[in-house]
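The figures that follow rest on heavy atoms only: side chains count, while hydrogens, waters and symmetry mates do not.
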Amino acid sequence: MLKEKMQMIKSKYEGKTDKKKIESLVVFIIILIVTLIAINTIWRGDTKTKDNTTEESIGYKRLAEKVDDNKGTSDELEEKLEGILAKMEGVGKVNVMITYSKGSEVVPMQNENSKVSTTQETDSGGGTRVIEEKDTSKEIVYSDGSKIETQTVINPVVKGAIVIAEGASNATVKSNIISAVEAITGLATYKVQVFEMN
């Protein structure tokens, strides 16, 4: 059976001239070389992309650390509220908890490059076609080569507040506490809950 297959293959190639065999071999080698170059280029492009991604992820990691540093501002708001409310008449000891719908967000500064090219083509029939190509690239701005420059810091959005106070059993004191929290946080009345401390 193997001998028969070998004979069939041999008979196919016996009819071809040496010139045809050489042409086929040259075409095969050219295709192989082009394929190897393409694969090599793709792999090199992937490494560059991975390096850029790594740099950006390190930069965003530093930004995340900066956002965590801003977390102290939300704790500061609670502490300031506690301090102010404790000084109000009839309130006494007080604890404040504020919840946020979204944390702080740091927006990095970016260089943006835009290119617009317009091409106008006219065909033999008198028709005109305008082709417009836009190319935009953004790059994060670093100072000192490692520190990301920040454009803005978006503060967290206050979602609600709970206040526990010794004097909350008095309706007037409770109303004053709600008014004070509303004034500082901008929350609606129904999002501020005041309870008596035990």
Would Lys115 and Lys134 count as a side chain to side chain contact (heavy atoms under 4.5 Å, CB included) here? Give the steps.
CA-CA 6 Å; Lys115 294 179 187 176; Lys134 294 181 182 180; over 6 Å; no
Smallest heavy-atom separation, Val173 atom then Gly90 atom, equals CG1-O, 3.8 Å
> Would a hydrophobic clustering, with Ile, Leu, Val, Met, Phe, Trp and Tyr connected at side-chain separations under 4.5 Å, put Ile177 with Tyr190?
Replying inline: no
Can you find a pair of side-chain heavy atoms, one from Ile84 and one from Ile184, that are under 4.5 Å apart? yes
query: Just by modelled atom types, is the Ala171 backbone N or O under 3.5 Å from a matching donor or acceptor in the Ser175 side chain?
result: no
Sorted by chain and number, sequence neighbours left out, side-chain hydrogen bond (donor to acceptor under 3.5 Å, both in side chains) with Ser117 holds for none
**OP:** For the residue pair Glu182 and Thr189, confirm or rule out a side-chain donor-acceptor distance under 3.5 Å.
**Re:** yes
Note: Met197 and Lys93 closest approach over all heavy atoms is CE-O, 3.8 Å
Here the gap from Thr172 atom OG1 to Glu89 atom CD, rounded to the nearest 0.5 Å, amounts to 10.0 Å
Worksheet item: Any chain of hydrophobic side-chain contacts (each under 4.5 Å) joining Val94 to Ile162?
Response: no
d(Asn198 CG, Glu166 CD) to nearest 0.5 Å is 10.0 Å
Report task. Evaluate the side-chain proximity of Glu82 to Asn95: yes if any heavy-atom separation is below 4.5 Å, no if none is. Result -> yes
Subject >> Any donor-acceptor N/O pair, Thr99 side chain to Gly160 backbone, under 3.5 Å >> reply: yes
Output for pair (Asp123 CG, Thr128 OG1), nearest 0.5 Å, gives 7.5 Å
d(Ile164 CD1, Met97 CE) to nearest 0.5 Å is 9.5 Å
Applying side-chain contact (heavy atoms from CB on, under 4.5 Å) to Leu25 and not counting sequence neighbours gives Ile29
Value for CD (Glu133) from OG1 (Thr119), rounded to nearest 0.5 Å, stands at 6.0 Å
| field | Minimum side-chain heavy-atom gap Leu77-Tyr100 below 4.5 Å | value | yes
- Message: Looking at Glu121 and Arg129, would you say the former's side chain and the latter's main chain have a donor-acceptor pair under 3.5 Å?
- Response: no
Interatomic distance, OG1@Thr118 vs CD@Gln120, rounded to 0.5 Å, equals 9.5 Å
Sequence neighbours excluded, the answer for side-chain contact (heavy atoms from CB on, under 4.5 Å) partners of Lys87 is none
Between Glu196 and Ser169 the two heavy atoms that sit nearest each other are OE1-CB, 3.3 Å
- [ ] Please lay out, stage by stage, how Val181 and Leu85 fare under the test side chain to side chain contact (heavy atoms under 4.5 Å, CB included).
- [x] CA-CA 9 Å; Val181 173; Leu85 294 175; 4.2 Å; yes
Check your understanding: Does some side-chain heavy atom of Leu36 sit less than 4.5 Å from a side-chain heavy atom of Asn40?
Key -> no
I'd like to check Leu81 versus Ile98 (side-chain heavy atoms, cut-off strictly below 4.5 Å). Are they in contact? yes
- Task: Using atom types as modelled and distance alone, determine if a side-chain donor or acceptor of Glu132 lies under 3.5 Å from a backbone N or O of Val116.
- Result: no
Note to self: Check whether Asn176 reaches the backbone of Ser179 with its side chain - one donor and one acceptor, N or O, closer than 3.5 Å.
What the structure shows: no
* In the single-linkage hydrophobic clustering (I, L, V, M, F, W, Y; side-chain heavy atoms under 4.5 Å), do Met88 and Ile178 co-cluster? -> yes
